[in-house]
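Values reported hereafter were calculated over all heavy atoms of this structure, with side chains retained and with hydrogens, waters and symmetry mates removed. Start at 1 and go down the list; that is how both ligands and their atoms are numbered.
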Amino acid sequence: FTVDLSEMINQVIERFEMINKDKNIAFYKEVPSYPVYVDMDKDRIYQVFDNVLSNAVKYSPDGGEISVQMFTRADAVDVEISDQGVGIPKESQHRIFDRFYRVDKARARNLGGTGLGLAIAKEFIHAHGGKIAADSEWKKGTTILITLPYSVINKAEAGS
Ligand code: ATP
Ligand code: MG
């Protein structure tokens, strides 16, 4: 199915702004003002952004900043979600997409969850021919980059 990813990202951020009011997180977004149609399973991709954003909130301090940027390229769209939270030590970064892996078991127990969120996200993104990667610095913050393939529908060409 063809889904407008710009609209989806706006919706998911709006939802997080609403449910995290008490944590005083500032959300910054840079999303194209035009529709970006991507062929995808809407529910699954929504779940991916929901997961990644809930991690960003969960591992951020009160009053932290979370930014979501979406860029289109000729044959792909990138969505970057950055937080200024606890970060992930370099040696653990390659493992966070593994099932049940959690960086700090004691902390993870307090925060709840199962350690499956990113494993599921990776599975869904790969099933859509995309990529997901993490770039993080311990105690500074984390960026998750999601790339999905898409093709520009040239309206002028289609209409001629
Ligand atoms: P679940 O998603 O099942 O509720 P979870 O959030 O612990 O549990 P994942 O989403 O798979 O599991 O993330 C795996 C681990 O990666 C987390 O336990 C956490 O240690 C680390 N992690 C993920 N995102 C971030 C982030 N934005 N900042 C810091 N650490 C993170
Ligand atoms: Mg999670």
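Judged by distance alone, the side chain of Ser6 and the main-chain N or O of Tyr34 form a donor-acceptor pair under 3.5 Å. A donor-acceptor pair is defined here as one N or O able to donate and one able to accept, closer than 3.5 Å; such a pair exists between the side chain of His128 and the backbone of Asp41. For the pair Gln93 (side chain) and Ser136 (backbone), a donor-acceptor distance under 3.5 Å is present. Formation of a donor-acceptor pair under 3.5 Å by the Glu30 side chain with backbone atoms of Met70 is not found in this model. With hydrogens and angles ignored, the 3.5 Å screen pairs a side-chain donor or acceptor of Lys23 with a backbone N or O of Ser60.
Between Asp50 and Arg15 there is a salt bridge, since at least one side-chain N of the basic residue sits less than 4.0 Å from a carboxylate O of the acidic one. Arg99 and Glu123 are joined by a salt bridge, as a carboxylate oxygen and a charged side-chain nitrogen come within less than 4.0 angstrom of each other.
Between Val86 and ligand 1, no N or O atom pair is found at a separation short of 3.5 Å. Residue Asn55 has at least one N or O atom closer than 3.5 Å to an N or O atom of ligand 1. Among the atoms of Asp104, none of the N or O lies under 3.5 angstrom from an N or O of ligand 1. Residue-to-ligand polar distances place Leu118 within reach of ligand 1: an N/O pair is separated by less than 3.5 Å.
With contacts defined as side-chain heavy-atom distances shorter than 4.5 Å, the pair Phe16/Val57 qualifies. The shortest distance between side-chain heavy atoms of Tyr28 and Ile66 does not fall below 4.5 Å.
Counting atoms of ligand 1 from 1 in the listed order, those under 4.0 Å from a heavy atom of Lys58 are 4 (O), 5 (P), 6 (O), 8 (O).
At a heavy-atom cutoff of 4.0 Å, ligand 1 is contacted by no atom of Val52, backbone or side chain.
Phe97 and Phe100 fall within the same hydrophobic cluster, where Ile, Leu, Val, Met, Phe, Trp and Tyr residues are linked whenever their side-chain heavy atoms come under 4.5 Å apart, directly or through other members. Taken together through direct or relayed side-chain contacts under 4.5 Å among Ile, Leu, Val, Met, Phe, Trp and Tyr, Phe27 and Phe71 form parts of separate hydrophobic clusters.
Summary of contacts: the protein heavy atom closest to atom 3 (O) of ligand 1 is Thr114 OG1, 2.8 Å. Summary of contacts: the protein heavy atom closest to atom 14 (C) of ligand 1 is Tyr101 O, 3.3 Å. Closest to atom 16 (O) of ligand 1, if we only count protein heavy atoms, is Ile96 CG2, 3.4 Å. Counting only heavy atoms of the protein, atom 26 (C) of ligand 1 lies nearest to Tyr59 CD1, 3.6 Å. The closest protein non-hydrogen atom to atom 30 (N) of ligand 1 is Ile88 CG1, 3.3 Å. Counting protein heavy atoms only, atom 20 (O) of ligand 1 is closest to Val103 N, 3.1 Å. Closest to atom 12 (O) of ligand 1, if we only count protein heavy atoms, is Gly115 CA, 3.1 Å. Nearest protein heavy-atom contact of atom 27 (N) of ligand 1 is Asp83 OD2, 2.8 Å.
Counting only protein N, O or S atoms, the number found under 2.8 Å from the Mg ion (ligand 2) is 1.
Residue contacts with ligand 1 leave out Gly85, since none of its heavy atoms falls under 4.0 Å from the ligand.
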Output side-chain donor-acceptor pairs under 3.5 Å for residues 76-87, partner residues at least two apart or in another chain, one line each.
| residue | atom | partner | partner atom | Å |
| --- | --- | --- | --- | --- |
| Asp78 | OD1 | Arg73 | NH2 | 2.9 |
| Asp78 | OD1 | Thr147 | OG1 | 2.8 |
| Asp78 | OD2 | Arg73 | NE | 2.9 |
| Asp78 | OD2 | Arg73 | NH2 | 3.3 |
| Ser82 | OG | Thr143 | OG1 | 2.9 |
| Asp83 | OD1 | Gly85 | N | 2.9 |
| Asp83 | OD1 | Thr142 | N | 3.3 |

Might you work through the side chain to side chain contact (heavy atoms under 4.5 Å, CB included) test for Ile146 and Phe49, ending with a clear yes or no?
CA-CA 9 Å; Ile146 294 170; Phe49 290 113; 3.7 Å; yes
